[in-house]
Amino acid sequence: MERKLVVSSSPHLKSPEDIQSIMVDVLVALFPVALMAVFLFGYRALATMVIAMLAAMVTEAIILRKGNLFGDGSAAVTGLLLAMTLPPAPPWWVVVVGSAVAIGIGKQIYGGIGNNIFNPALVGRAVLIVSWSGHIAGNVWLKPVPFGFTADMVTQATPLATKAASLGNLFIGTVSGSLGETSALALIIGGLWLYHRGHIDWRIPGSFVAVVFILGFFDGGFSMGLFHVLAGGVLLGALFMATDMVTSPVTPVGKLVFGAGCGLVTMVVRLFGSLPEGVTFGILLMNGLTPLIDNLTLPKRFGEVSKSA
Amino acid sequence: MSERTFVGGIHPGYFKDYSSGKPITSARAPAQVIISLHQNIGAPCDPVVQVGDEVKMGQKIGEPKGFVSAPIFASVSGKVTKIEPFNHPLGNPVLAVFIENDGQDTPDEGMKPGKTLEELSAEEIKKIAKDAGLVGLGGATFPTHVKLSPPPEIKIDTVIINGAECEPFLTADHRQMLEQSDDIVYGLKAFMKALGATKGIIGIEDNKFDAVESMKKAVAEGKGDYDIEVHTLHTKYPQGAEKMLIKATTGREVPPGALPMAVNVVNQNSGTAVALAEAIKLGKPLYERVVTITGPGIKEPANLLVRNGTLVKDLIEQCGGMTDDARKLILGGPMMGLAQPTDEVPALKGTSGVLVLTEEFVKDLPISPCIKCGKCLDVCPMSLMPNFIGSASEKNMIDLAEKYGAMDCFECGCCTYTCPAKRPLVQWIRIAKGEIGARRKK
Ligand code: SF4
Ligand code: SF4
């Protein structure tokens, strides 16, 4: 019998999960959020999301000189996440620039997937805020009109700016704001999916939201605590941005510290800063601290503190 | 709740159905056996026969060179034709005794019943285990008598029989628990007596409910005045790893770098218990064992009682041969077994399985950078940082690898199995361990 046997190192079984399947799961998780955005803000929201994803994928394909547009799916995720943080209908070129920056400067400059320090989508958003704040913040927040697919563009101040919105509306999402941040309900459904698939752990969203709630509570009681959790980008950030695998800690304790730090910075900006929202900078700051946090929170090894029964 | 377990671990497919329903049958004795003289962790053996000698089945042919070693026996009767290096599952050729089988199975004079368990002293049991060449049959092949000889200051209170068989595909232990349950209980009692242990535990994963039933029945009938319990364990890999099993059954954590003795426990595989029972009852040394021949690449999977030194090629032939799409031959299970470049390799004391995988299992997946998903940490039963150890080793930063716990890794493979970036973490960790070990010796 002449048969070429493959020799390789154990284990000889591998889980079917790979980077692409994880990215597809993230896209699936964002589906309810995207659906809600289209429901509230109409076709413009859809266009923003599609442009952002395409621009991100094309940028990555050009940089990596690869023919496969979807690839491991991470660029599509970055593009969609960036769109989620934008107003429903910014000029198309702003979206393209944001995606290109997210992939080019947020990710590939560091050596591509796995090597970036900061969340690429948030890097894209931060650059847009600094460069074209008029298109990204200010009088750009469309008033949500359920099923209002042909509605005129009517703008409205966001709840964070006015501090006036019913908790019910915040939960369902019928308030103005970024594409993907308004509906707590849709975000939670997506987050549960990611949790169910084992891609996020409760620690980062848990400590993030808990700190936001507690600080909000001290500022204005229970309903103010809830308001701060539901309004603005906290849930989007806590469930989808802070949990980005590459840029958040891997150790269990590190995750708690990281989430709490994100929540703290967010609330310091909201309560004491000049900007209405602090989620982006909270997460970016903690991204920078991630390697340090990991190294300071190495888990206790099996049997390390032996408790003899 | 009867379910017991540990933190971490993975749930690969069981793949046990290929062979779990196949009763143990005797493999054909080959015309020639090639018995390797290195079959255990520790020192190899020196041959004590010469070319041209007539040997009997069960006759000692290899004498251990140190305390951590075990003698090796002829598995057939016949004539020694050669003593020279031959293929070994670990890679490099090892000195082996070639015996031409005369087909008579003439037993050695020593193979006869001696004293009963009641009559034997602890010392006598240890001597029997040692003289019968017993080693851990789960695959680790640690000489049994060494485990039975703890330093005097350590008092062993519990003996655990490992019936977890957590490696996918393998079913040899499962079949023995169904078919030789009395011997397992007998062997456990002998271990307990040898160590003066007061408690015996048999740990079985809950996907083998028939084995649990069978062992419970055997315990009820055979335990006499020994305190023996059957524990049902959560089915999860690596439930059968020594430290995980001890944690699951007794709640004790063996400290890093220490042996189970440190928490007053000794582990033995269920197959080793059977071997000890046979050594006591029949005077039979360890020259054959049950091996699972299985996998999608085997036409007729089986559980065979295999004579030491039978070529794997022979075993596969008896199971209908390999399928056309067979691509990988593994000795042991899929998680920790060793892939072989050839089927001309002899079955040893530690050969628990012959696994043949097909095309679909051997896809060469591209390795991506670590995406820091942390999944490898979550599954590591030792709570190490496989991602960091792997990356450090990849960059040859050995001190860093040591800091992240490289030496505590027992190479269970959970991290590599899980990694979505398909990083060969265990392979890198092994390299780091080799380097660290070499440095420590200096
Ligand atoms: S690091 Fe070692 S012990 Fe931990 S999962 Fe990987 S192989 Fe297993
Ligand atoms: S499982 Fe793989 S990709 Fe995930 S942290 Fe571990 S090494 Fe990195």
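We use all heavy atoms of the structure for the numbers below, so side chains are in, but hydrogens, waters and symmetry mates are not. Owing to the predicted nature of the structure, the values given are computational and were not obtained by experimental measurement. Residue numbers begin at 1 in each chain, while the letters A, B, ... track the order of the sequences.
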Find the distance between [atom1] ([X]) and [atom2] ([Y]) and round it off to the nearest 0.5 Å.
X	Y	atom1	atom2	result
D294(A)	F388(B)	CG	CZ	4.0 Å
I371(B)	N115(A)	CD1	CG	11.5 Å
R301(A)	C409(B)	CZ	SG	11.5 Å

Side chain, backbone, both or neither: which part of [X] has a non-hydrogen atom closer than 4.5 Å to chain A?
X	answer
M385(B)	side chain
D324(B)	backbone
Y404(B)	both
A258(B)	neither
Q427(B)	both
P381(B)	backbone
P12(B)	side chain
L329(B)	both
N387(B)	side chain
K422(B)	side chain
C373(B)	both

Mind listing the closest non-hydrogen atom pair of [X] and [Y] along with its distance?
X	Y	answer
G413(B)	P11(A)	O-CG, 3.4 Å
M322(B)	L5(A)	CE-CD2, 4.4 Å
P299(A)	S383(B)	CG-O, 3.9 Å
L13(A)	F169(B)	CD2-CE1, 4.4 Å
F302(A)	E253(B)	C-OE1, 3.8 Å
H12(A)	G333(B)	CD2-O, 4.3 Å

Discussion item. Counting only non-hydrogen atoms closer than 4.5 Å, does I22(A) touch chain B with its backbone (N, CA, C, O), its side chain (CB onward), both, or neither?
Written reply: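 Answer is side chain: those atoms of I22(A) sit under 4.5 Å from chain B.
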Practice prompt. Against chain B, label S74(A) side chain, backbone, both or neither, depending on which of its atoms sit under 4.5 Å from a heavy atom there.
Written response: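 Contact with chain B involves no heavy atom of S74(A) at all.
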Practice prompt. Mark yes when over 12 heavy atoms from residues, nucleotides or ligands other than F70(A) sit less than 6.0 Å from its CZ; otherwise mark no.
Written response: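 Enclosed.
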Discussion item. Can you confirm whether more than 12 heavy atoms, excluding those of K363(B), are under 6.0 Å from its NZ atom?
Written reply: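 No - once you tally the heavy atoms of other residues, nucleotides and ligands closer than 6.0 Å, there are 12 at most.
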Any non-hydrogen side-chain atom of [X] less than 4.5 Å from a side-chain atom of [Y]?
X	Y	answer
L365(B)	D18(A)	no
S15(A)	T418(B)	no
S368(B)	D72(A)	no
S9(A)	V426(B)	no
P420(B)	M23(A)	no

Fill in: Max heavy-atom pair count under 4.5 Å with chain B, selected residue of T243(A), I19(A), N295(A), T290(A)
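Most heavy-atom pairs within the cutoff with chain B belong to I19(A).
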Worksheet item: Are any side-chain N or O atoms of K372(B) and backbone N or O atoms of T247(A), one a donor and one an acceptor, separated by less than 3.5 Å?
Response: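 Looks like no, no N/O pair under 3.5 Å.
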Practice prompt. Say whether, by atom type as modelled, one donor and one acceptor occur between the side chain of K375(B) and the main chain of G198(A) under 3.5 angstrom.
Written response: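 Here the side-chain-to-backbone pair exists.
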